[in-house]
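Values in this document were obtained by computation on a predicted structure and should not be read as measured data. When reading the values below, keep in mind they use all heavy atoms of this one structure, side chains included, and skip hydrogens, waters and symmetry mates.
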Amino acid sequence: MLTTKRTTLWHPSGVDRRRKRLLRSLGAVVAVLVALSLTAPPSLAGATPAAAGGLGSAAGDATGGWNGRIDWQACPERPDDPGTRCGTLRLPVDWARPGGATFPLALARRTATDPAARIGVLVFNPGGPGLSGVDTVLTATSQLGPDVLRRFDLVGFDPRGTVRSAPVRCSSALLARHPSLTPTNAAEFDGLRTYNRQLRDDCRAHSGPLFDHIDSASVARDTDAIRAALGERQLSFYQWSYGTLIGQSYAELFPDRVRALAMDSVMDHSQGVGTFFRSGAASNEALFHEFVTWCERTPSCALHGRDVPALFDGLMRRADAGTLVDAATGARLTWFELGFATFVNFFDATWADLATMLLALERGEAADPPLASPMVPVDTNQELTEYALPAFCQDWSLPVDNFADWNRYLELSRAAAPHLRASPLAVRFAAICLGWTAVNPQHRLRVETRTPLLVLNGRYDPATPYDGALRVVGQLGGRGALVTYEGSGHASYPRTACTRAYVERYLIERAIPPAGASCPAAPA
């Protein structure tokens with residue numbers, strides 16, 4: 001019998017603890033999407049989907065074709081909660097062949113706490129790729145504002161190829177042999193590209209035909225099938241981080257079916273590989289200086305009174321010389337691994353933890369918490385590991401033709417980030433997707449909806465740089481409204497009363513913030 005370990009990719013090993021803490025501080029963010037889950041009336045739960053362009057016929061077939069009906073049952077995690085239900089919707093593997101093979105999409109819904117004031121369905125997409133929309137619904141009350149929970153049915157789903165929705169599976173033994181994400185010569189670069197091809201073939205063999213159809217545009221079409229199955233004319237969305245790609249695709253494909261779309265920590269899906277490297281590097285360098293400023297003014301910082309940039313540069317030089325060691329494991333750290341362990345603390349601006357970590361590395365002591373690793377976490381005692389990252393590789397074309405090009409992009413990054421040297425996230429994804437061909441590559445947004453769309457982004461965001469949010473709003477033209485959170489961290493909605501108010505007023509009233517709207521940073 002095959003056993004499987006699940007791994008999410010946006011925050012690899014060691015980062016799960018921080019992700020859980022971030023989700024708690026994001027409580028309102030994830031909850032907003034979770035609480036508005038699937039509160040469709042019982043009469044709609046099993047309804048035949050309304051005619052929907054792009055969905056194809058609702059007729060099933062002998063091979064288990066899709067029929068547009070959701071099988072709602074009590075959630076195993078919430079068996080005694082009548083307001084929360086879990087379900088499965090069978091959908092086409094390939095939307096270009098709606099009568100072909102299908103897969104089960106897992107959903108959860110939480111009904112509006114005030115049915116008389118119900119506005120409709122709010123769909124929550126938490127990103128990743130690989131985070132669970134079902135889980136956000138199950139934890140909605142700790143994450144979303146009460147007014148959102150009162151007015152919306154919250155619906156979440158695990159995107160195709162992840163968690164409960166036919167997850168992509170790959171050989172644990174092969175994943176455990178993953179080469180370095182930062183090749184140092186042409187032979188290592190070619191070896192990484194060869195390995196990626198072998199891993200892609202292995203994942204496809206273990207995952208079946210769905211493996212080649214897990215891009216965000218396919219997920220957007222799945223979302224409209226959910227809308228049709230619920231009998232809703234339009235949907236409202238709160239989407240966060242990687243989940244914003246789903247919202248952008250949905251607005252492009254089904255503009256008239258968008259009631260409201262709030263995109264928090266938005267991804268700019270128009271940038272080429274050079275901008276991808278440079279923008280991410282500059283954003284992380286800015287975050288590093290935010291940390292330095294905090295440490296200078298905070299007596300409790302473990303590095304208070306020290307020249308923090310000089311200390312960090314010294315650690316980088318030790319990494320280059322092969323003398324920087326993780327005392328907990330005895331492993332030598334590269335510049336990239338030091339940068340990644342630093343970058344992890346940028347997600348929720350955990351400056352005290354970062355200062356303690358850097359001091360421990362300087363002294364040769366074990367860091368607490370342990371250093372995060374950029375590599376894929378694998379349990380080699382299990383035959384297969386759930387692996388969500390191929391979704392990114394299908395959405396992003398990041399061509400790097402040879403080792404000389406690789407070095408050129410790293411130099412471009414270093415010019416923008418003299419201390420961090422690069423965006424660890426950009427380097428990681430570019431390396432893991434090396435040699436892939438995207439099926440939903442980058443392009444300028446083509447959104448024709450009349451509905452104003454809300455973009456919320458932090459000034460200092462490690463994963464979705466602020467300049468990307470400016471580009472997204474520019475592509476939306478007069479339909480895009482931006483709220484700037486003037487602080488640090490990834491995902492801004494739950495940070496302050498100000499950010500929560502802007503998002504919730506937009507979702508409930510579709511109130512558009514004034515030009516130049518911003519919210520001050522939360523106290524550090």
Side-chain angles (χ1 to χ4, degrees), residues 11-19 21-22 180-182 184 280-375 377 410-411 413-428 431 460-463 487-490 524:
H11 301 277
S13 76
V15 189
D16 284 347
R17 183 184 64 82
R18 296 183 187 281
R19 166 54 64 193
R21 179 168 61 189
L22 177 58
S180 169
L181 299 177
T182 51
T184 59
S283 183
N284 279 274
E285 185 76 2
L287 272 154
F288 177 74
H289 286 290
E290 287 294 294
F291 161 65
V292 171
T293 300
W294 171 85
C295 201
E296 289 174 345
R297 69 170 185 259
T298 307
S300 62
C301 171
L303 299 176
H304 183 66
R306 302 283 304 273
D307 185 339
V308 176
L311 181 150
F312 190 84
D313 291 346
L315 294 177
M316 279 289 191
R317 287 192 295 271
R318 286 171 57 187
D320 291 338
T323 61
L324 185 65
V325 176
D326 179 356
T329 63
R332 294 179 180 180
L333 298 175
T334 67
W335 71 267
F336 175 65
E337 289 164 334
L338 171 60
F340 189 88
T342 301
F343 154 84
V344 164
N345 289 278
F346 292 166
F347 269 80
D348 206 22
T350 47
W351 302 143
D353 286 354
L354 176 55
T356 301
M357 181 196 80
L358 295 177
L359 182 61
L361 285 172
E362 183 190 41
R363 294 174 173 176
E365 300 170 350
D368 182 26
L371 301 183
S373 168
M375 300 302 288
L410 289 185
E411 288 300 320
S413 297
R414 190 162 183 169
H419 296 294
L420 267 293
R421 299 189 181 181
S423 160
L425 200 64
V427 172
R428 185 170 183 266
Y460 306 102
D461 191 307
S488 303
H490 188 49

Checklist entry - What closest approach, in Å, do F340 and S373 show between heavy atoms, and which atom pair accounts for it? => result CE2-O, 3.6 Å
Next on the checklist: To check you understand the geometry: which heavy-atom pair defines the closest contact between A422 and A417, and what is its length?
Outcome noted: N-CB, 4.0 Å
Item to check | Any side-chain heavy-atom pair of F288 and F346 under 4.5 Å | outcome: yes
Checklist entry - Hey, does L359 have a side-chain heavy atom less than 4.5 Å from the side chain of L303? => result yes
Checklist entry - Could you go step by step and tell me if F312 and H419 meet the ring-ring contact (aromatic ring centres under 6.0 Å, His included) rule? => result CA-CA 7 Å; F312 190 84; H419 296 294; 7.2 Å; no
Item to check | V427 side chain near L410 side chain, heavy-atom distance below 4.5 Å | outcome: yes
Checklist entry - Just wondering, do P424 and F336 contact through their side chains at under 4.5 Å, heavy atoms? => result yes
Checklist entry - Between M357 and A367, what is the shortest heavy-atom contact and its length? => result CG-CB, 4.1 Å
Checklist outcome for this item: Residue pairs meeting salt bridge (charged side-chain N to carboxylate O under 4.0 Å, His left out), one or both in residues 308-332, sequence neighbours left out, come to D320-R421
Checklist entry - Is there side-chain contact between T342 and L358, with heavy atoms separated by less than 4.5 Å? => result yes
Next on the checklist: Using every non-hydrogen atom in the two residues, find where A360 and A366 come nearest and quote the distance to one decimal.
Outcome noted: CB-O, 4.0 Å
Checklist outcome for this item: Taken in chain and number order and not counting sequence neighbours, the residues that satisfy side chain to side chain donor-acceptor pair (under 3.5 Å) with T298 are W294
Next on the checklist: Quick check: closest heavy atoms across A416 and E285, and the distance to 0.1 Å?
Outcome noted: O-CB, 3.7 Å
Next on the checklist: Rounded to the nearest 0.5 Å, what separates atom CZ in R428 from atom OG in S423?
Outcome noted: 11.0 Å
Next on the checklist: Just so I know, are the side chains of L333 and L361 near enough to count as touching, which here means a heavy-atom distance under 4.5 Å?
Outcome noted: yes
Checklist entry - So do the side chains of L338 and M316 get within less than 4.5 Å of each other, counting heavy atoms only? => result yes
Checklist entry - Any side-chain heavy-atom pair from V292 and P309 closer than 4.5 angstrom? => result yes
Item to check | Flag, side chain of R306 to backbone of L311, donor-acceptor distance under 3.5 Å | outcome: no
Checklist outcome for this item: Rounding to 0.5 Å, atoms CD (E362) and CG (L324) come to a distance of 10.5 Å
Checklist entry - Looking at W351 and L287, what are the two nearest heavy atoms and their distance? => result CH2-O, 3.7 Å
Checklist outcome for this item: So OG1 of T329 and CG of L371: to nearest 0.5 Å the spacing works out to 7.5 Å
